[in-house]
Peer 1: 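I have a structure here, written as structure tokens, and I will follow up with some questions on it.
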Amino acid sequence: MTEVQRSGTGSGPEIENLLAESRAFPPDPAFAAQANATAELYEEAAADPVAFWERRAREKLTWTRPFERTLEWDLPFAKWFVGGQLNVAYDCVDRHVEAGLGDKVAYHWIGEPGDRRTLTFADLQREVSKAANALRELGVQTGDRVAIYMPMIPELPIAMLACARIGAPHTVVFGGFSAEALAGRINDAQAKLLITADGGWRRGKAVDLKSAADEALRDTPTIERVLVVRRVGGAVASSMAAGRDVWWHELVERQPPECLPVPVDSEHLLYLLYTSGTTAKPKGIVHTSAGYLLGTSVTHEMIFDAKPDDVYWCAADIGWVTGHSYIVYGPLANGTTGVLYEGAPDTPDWDRWWQIVEELGVTILYTAPTAIRAFMKQGDALPAKHDLSSLRVLGSVGEPINPEAWLWYQRNIGGGRCPVVDTWWQTETGMILITPLPGVTTTKPGSATSPFPGIDADVVDGEGRPVPLGEGGYLVLRRPWPAMLRGIYGDPDRYRETYWSRFPGMYFAGDGARRDEDGYFWLLGRVDDVMNVAGHRISTIEVESALVGHPSVAEAAVVGKTDPVSGQAIFAFVTIRVGVESADALGRELREHVGRAIGPIARPKYLLFTPDLPKTRSGKIVRRLLRDVAEGAPLGDTTTLADPASWRPSAPVPPELRKNEPAIGLSRIGWMRRSDP
Ligand code: WTA
């Protein structure tokens with residue numbers, strides 16, 4: 001295999017199993033007979049991809065002004081449905097009410113402590129309108145950016161739709177991010193208002209969001225006002241700043257229940273969502289209105305086979321793109337009934353999700369391999385205790401799914417009868433791009449199968465030439481698609497450089513992939529310095545720069561280590577300043593330090609103090625070698641090191657770091673000359 005495979009997530013044995021996987025599951029004829037998707041979609045899109053999207057844009061979206069041109073493609077800048085106007089919130093909410101579906105449930109919400117709320121489309125219309133009026137009262141106008149930092153409560157999608165209603169772009173920052181991460185995003189977006197909550201419930205504890213928000217706001221000059229939802233009441237000790245902070249229940253509740261949706265251009269900025277790249281500064285991914293709404297709603301309808309009676313549960317957090325596209329915009333545009341759950345999957349017990357599926361009669365479930373593997377670890381008995389027979393489609397997203405987890409999911413959650421759709425896409429792509437179509441595609445456990453109709457994906461070598469079937473390479477996309485990112489906020493050069501310069505004329509996804517003899521796509525993980533930890537993208541450089549921001553640290557190098565549950569775990573090599581004693585206490589402090597700088601998800605699971613780091617002549621850290629050390633694999637090629645022949649690690653990784661449990665180690669590992677004793 002090529003270098004792609006060695007440097008991706010998949011350098012471990014899992015990938016070898018994956019490539020040997022030969023089981024196949026043809027569609028069930030009974031499912032196929034009622035499926036939304038048909039094989040003709042591929043033909044229709046292949047014949048004329050632009051016309052394919054144009055036709056659906058006219059059918060599926062409600063235009064206040066029809067568009068004149070379907071696509072303007074000035075590589076790498078795309079404009080879709082040019083000249084058209086619509087309102088995204090109207091398409092997600094009002095038109096369903098006008099069509100007589102006001103009493104249909106839009107969201108079943110379940111709080112972690114067991115409290116519940118049911119919102120119909122009519123409720124959503126009223127709440128979104130009141131919130132939109134409140135935003136106006138707080139001085140937000142069309143075009144102003146609004147930051148949102150909230151737990152998984154109904155006010156989160158309500159806030160997003162309220163922004164969309166008045167054409168104010170939102171930027172949602174995942175509630176697990178730190179104050180520092182929040183401040184960075186607010187400042188990049190130049191947001192005027194922050195919508196947050198006093199806290200949220202997670203594993204039985206109130207997470208104090210407001211204090212984190214207050215800390216962020218010390219350093220965010222553009223924020224004028226803060227709108228705060230009361231969720232946990234007295235359980236946290238935050239306070240309201242006079243003149244700046246206002247309670248949601250005081251301001252929103254007294255607003256009139258009507259607010260006219262503001263028609264915006266197709267290419268009006270709908271939202272920014274920040275994601276990790278290969279530098280320390282997260283990128284503000286730009287998504288616009290009409291194309292995004294079309295791409296997410298068409299894929300949602302076809303890939304999940306969404307029907308009017310479905311109870312659809314995408315168990316992601318809305319703070320990630322999966323939640324934006326497949327909890328909020330795609331499903332609501334289709335008028336789908338959704339489920340929102342606030343808390344952790346293991347609270348109070350590991351069968352919480354299966355209880356919810358049984359109680360609400362969930363028919364479609366969409367989650368991540370890391371969750372599936374965590375459930376698998378708890379055994380088959382917990383899902384077996386519950387009646388999961390309502391389920392009819394299962395989805396997976398966020399990382400490569402290993403065949404074992406795929407088969408466990410299909411058997412133990414899907415009862416062997418549900419098609420499993422492994423969906424590949426990214427924050428940047430906005431919508432699912434590589435996926436089976438249930439009822440059409442013969443699936444293979446571990447393969448995302450083939451590009452969605454109209455999507456031109458390929459696997460190329462280092463020179464951008466398509467590789468023969470059976471070989472590995474880099475995943476690229478050749479043709480624009482409606483929900484694609486329109487750029488990196490405020491940085492067109494970085495946009496061009498990051499995605500469009502590696503292979504001229506092609507979008508470079510940063511993922512390794514291979515196509516098998518049947519042409520099926522198998523995703524092999526990232527090929528750049530981005531880790532995928534429990535489905536979350538974290539850049540090695542972001543964690544390194546957090547570590548070296550600590551006064552005791554001289555240098556740090558971070559790699560992803562294969563992990564049986566989270567896919568990858570963060571492994572940090574740290575060299576400390578002379579005079580500082582390296583010890584467990586410092587290791588723990590550094591972990592917390594990273595948690596404060598980025599968020600708890602970025603805390604290294606393994607931390608190893610070493611006297612030195614391996615570097616090339618130009619001073620670049622050789623992560624590949626460190627990856628081998630972290631994996632406990634035989635040491636790789638050292639010819640790129642500064643002094644090739646004479647460099648080697650002086651010792652293996654200490655045993656405490658080889659146990660698949662969080663660990664801090666102190667080692668004499670040095671990248672020493674062979675001649676040294
Ligand atoms: C990875 C999440 C394999 C991939 C929607 C991608 C996947 C990154 C899959 C994007 C999949 C996502 N199989 N890998 N089905 N889905 N990925 O931006 O490395 O959080 O580049 O978007 O997740 O992560 P992001």
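All values derive from a computational prediction rather than experimental measurement. By convention here, the first residue in the shown sequence is residue 1. Just follow the structure's listing: the first ligand is 1, and inside any ligand the first atom is 1. The figures here come from the full heavy-atom set of this structure, side chains too, leaving out hydrogens, waters and symmetry mates.
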Peer 1: Please check if the distance between the ring centroids of Tyr495 and Phe77 is under 6.0 Å.
Peer 2: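 Centroid distance Tyr495-Phe77: below 6.0 Å, so yes.
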
Peer 1: Which class fits the ring pair Phe304 and His300: parallel under 30°, tilted 30 to 60°, perpendicular over 60°?
Peer 2: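 Answer is tilted, since the angle falls between 30° and 60°.
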
Peer 1: Dump the intermediate steps for side chain to side chain contact (heavy atoms under 4.5 Å, CB included) on Tyr474 and Asp511, then the final yes or no.
Peer 2: CA-CA 6 Å; Tyr474 302 97; Asp511 278 335; over 6 Å; no

Peer 1: Return the orientation label for the His170 and His324 ring planes: parallel under 30°, perpendicular over 60°, tilted otherwise.
Peer 2: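 Plane angle between 30° and 60°, so tilted.
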
Peer 1: Please list, by chain and number, the protein residues whose heavy atoms come under 4.0 Å of ligand 1.
Peer 2: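 If the criterion is a heavy atom under 4.0 Å, then ligand 1 touches Val321, Thr322, Val397, Gly398, Glu399, Pro400, Asp422, Thr423, Trp424, Trp425, Gln426, Thr427, Asp511, Leu523, Arg526, Asn532, Arg537.
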
Peer 1: Determine the interplanar angle of the His287 and Tyr271 rings, folded into 0 to 90°, and report it as parallel if under 30°, tilted if 30 to 60°, perpendicular if over 60°.
Peer 2: tilted

Peer 1: Measure up the Trp500 and Tyr507 rings against each other and bin them: parallel (under 30°), tilted (30 to 60°), perpendicular (over 60°).
Peer 2: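 Ring orientation, 0 to 90° scale: perpendicular.
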
